Amino acid sequence: MLFQVGGQGTRPTFFEMAAAQQLPSSLRAALTYSIGVMALRRPILHKVLDYENEFFALLMLVLETHSMRTTDASFSESLYGLRRRTVKLKLKKDALHSSSTDGIQLSGIEKHQRVLSVVFLVVLPYFKSKLHSIYSRERETAVRASLWGPGDESFDDADYLDVAESPVDQTRTSDQDLSSRERILQGAKKIIAACYPWIHTGHEGLTFAYQTLYLLDATGFYSLGLHALGIQVGRATGQELMDASSRISRMRSRERERLRGPPWLKKLQGALLSCMYAALDYSQTGLIAAVFVFKAAKEGIPLPSDRTVCPLCSERRANPSVVTVSGFVFCYGCIFKYVSQYKLCPVTLIPAEVEDIRRLFHDM
């Protein structure tokens, strides 16, 4: 039995495929952290974090569409010099006397396979992340209800901190006053919370099975999605690289020929196209390099001169709470939200969890 550990032939090793698959999630984590740090000084960037799933899905939609259109590979696969190829099986009369790979032919992927590849790479992961977010919120609500009782099931951090909240606001969120639409949404969320663990387990099980079979050289498909599309991933040959460059040149020449208008408008449109092409061409190495340079130069937020001011919101602390791993004190709502999202102390950048937050009932 041959394990894929070398770099010979056109078949990528298991480690190449694993690295290409994990790159988008690593890039997302790095981008989220980088934007989160910048948002501490530019609060307008918090809107990007509020729609993190949509922002990253839109970014990957642009990158994956451009990559599939120009290189017949995903954003991360093209970075590792890989290409997608259509698998075609041909039955032979002497198939019993020939090797199992004689009837397999690989060719360039078709247009519908490019579209479906983008769906598998961007759309499905987006919906999976939304389901995971709903499941996490419902699970957190259930944990809170088990700790504080069913009467506080729907409270959030702001409600917990605001001791002067009107009883009318509390009554408004009760189950008895929910509209029919809200009841349907609540029911759908409960169904998702109940079904998501099984969906996630099934997905992870199939992923593990395909990766194990690929590692053991028992299949040429690294994932269920590639198998469903009839696509295998291989190393790009020199001829494929030259063909890709020629195809890109022809596509861009046709796009420039379709420009209409007076000469000055054509020049402006041509300059905008050149800028767009340059941004897309260097998006792989440029985006990754920028994130790593930013993380290499990262530093925690500065401490205010007034000890009673929260370093996160720059206002007087409300419900002061300490991060036990560092000893710094913040508003409970500020530090709870920050640690829940970034798993770090904002001042020292030491890894921290929500369990490391302790309320201070006597502010020293």
Side-chain angles (χ1 to χ4, degrees), residues 20 23-39 41-84 108-109 111 113-123 125-126 236 238-298:
L23 180 61
S25 59
S26 302
L27 179 62
R28 173 174 181 168
L31 280 175
T32 301
Y33 174 79
S34 302
I35 295 174
V37 173
M38 291 187 291
R41 296 171 176 83
R42 297 171 180 83
I44 193 173
L45 293 177
H46 279 295
K47 294 184 178 180
V48 176
L49 296 177
D50 293 338
Y51 298 94
E52 174 190 346
N53 293 326
E54 289 74 15
F55 169 76
F56 188 77
L58 180 61
L59 174 63
M60 294 307 298
L61 179 63
V62 174
L63 296 179
E64 297 290 9
T65 302
H66 172 71
S67 182
M68 294 298 302
R69 185 167 175 253
T70 56
T71 64
D72 284 348
S74 69
F75 171 77
S76 55
E77 290 166 356
S78 61
L79 186 66
Y80 285 90
L82 305 177
R83 294 293 182 270
R84 296 193 170 201
I109 61 177
K111 183 177 180 180
Q113 290 178 316
R114 294 190 182 95
V115 175
L116 292 177
S117 294
V118 174
V119 171
F120 274 85
L121 290 168
V122 180
V123 179
Y126 168 73
Q239 185 63 40
E240 286 178 328
L241 295 176
M242 290 188 293
D243 292 342
S245 299
S246 301
R247 184 171 68 252
I248 293 173
S249 299
R250 290 194 300 269
M251 289 169 50
R252 294 180 176 178
S253 297
R254 288 195 298 267
E255 290 174 353
R256 292 181 182 276
E257 291 173 356
R258 288 197 294 264
L259 297 178
R260 296 291 182 268
W264 67 269
L265 182 59
K266 288 184 178 181
K267 290 183 179 180
L268 178 60
Q269 293 174 340
L272 293 176
L273 281 177
S274 299
C275 293
M276 183 183 68
Y277 294 151
L280 291 173
D281 290 341
Y282 293 100
S283 59
Q284 292 175 329
T285 54
L287 185 61
I288 296 173
V291 169
F292 280 103
V293 169
F294 179 86
K295 294 195 71 175
K298 66 183 181 181

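Quick caveat, the model's predicted, so the values are computed rather than measured. Throughout, residue positions are numbered sequentially from 1 according to the sequence presented.
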Residues two or more places apart in sequence or in another chain: which of them pass side chain to side chain contact (heavy atoms under 4.5 Å, CB included) with [X]?
| X | answer |
| --- | --- |
| D243 | Q239 |
| P263 | none |
| P125 | none |
| R260 | none |

With distance as the sole test, does [X] use its side chain to make a donor-acceptor pair with the main-chain N or O of [Y] at under 3.5 Å?
| X | Y | answer |
| --- | --- | --- |
| S78 | A73 | no |
| T71 | S67 | yes |
| S76 | P24 | no |

By side chain to side chain donor-acceptor pair (under 3.5 Å) - contacts of [X] (at least two apart):
| X | value |
| --- | --- |
| T32 | E52 |
| R247 | none |
| S274 | R256 |

Distance-only check: which donor-acceptor pairs under 3.5 Å involve side-chain atoms of residues 114-121, not counting sequence neighbours?
unit_1	atom_1	unit_2	atom_2	d
R114	NE	M68	O	3.4
R114	NE	D72	OD1	2.8
R114	NH2	D72	OD1	2.9
S117	OG	R84	NH1	3.2
S117	OG	Q113	O	2.6

As an exercise, state the distance from [atom1] of [X] to [atom2] of [Y], rounded to the nearest 0.5 Å.
| X | Y | atom1 | atom2 | result |
| --- | --- | --- | --- | --- |
| T65 | L61 | OG1 | CG | 4.0 Å |
| N53 | L58 | CG | CG | 12.5 Å |
| Q269 | L272 | CD | CG | 8.0 Å |
| L265 | L259 | CG | CG | 8.0 Å |
| M60 | F55 | CE | CZ | 11.5 Å |
| Y277 | I248 | OH | CD1 | 10.5 Å |

Residue pairs, two or more places apart or on separate chains, that pass salt bridge (charged side-chain N to carboxylate O under 4.0 Å, His left out) and touch residues 54-71: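 Listed once each, the pairs are E54-K130, R69-E255.
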Please collect all salt bridge (charged side-chain N to carboxylate O under 4.0 Å, His left out) contacts where either partner lies in residues 262-276, sequence neighbours excluded, each pair once.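 Qualifying pairs, neighbours excluded: none.
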Can you name the residues that form a salt bridge (Lys or Arg N to Asp or Glu O under 4.0 Å) with R252, not counting sequence neighbours?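 Checked R252 against salt bridge (Lys or Arg N to Asp or Glu O under 4.0 Å); matches are D281.
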Using every non-hydrogen atom in the two residues, find where L27 and F75 come nearest and quote the distance to one decimal.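 Looking at all heavy atoms of both residues, the closest pair is CD2-CE2, 4.0 Å.
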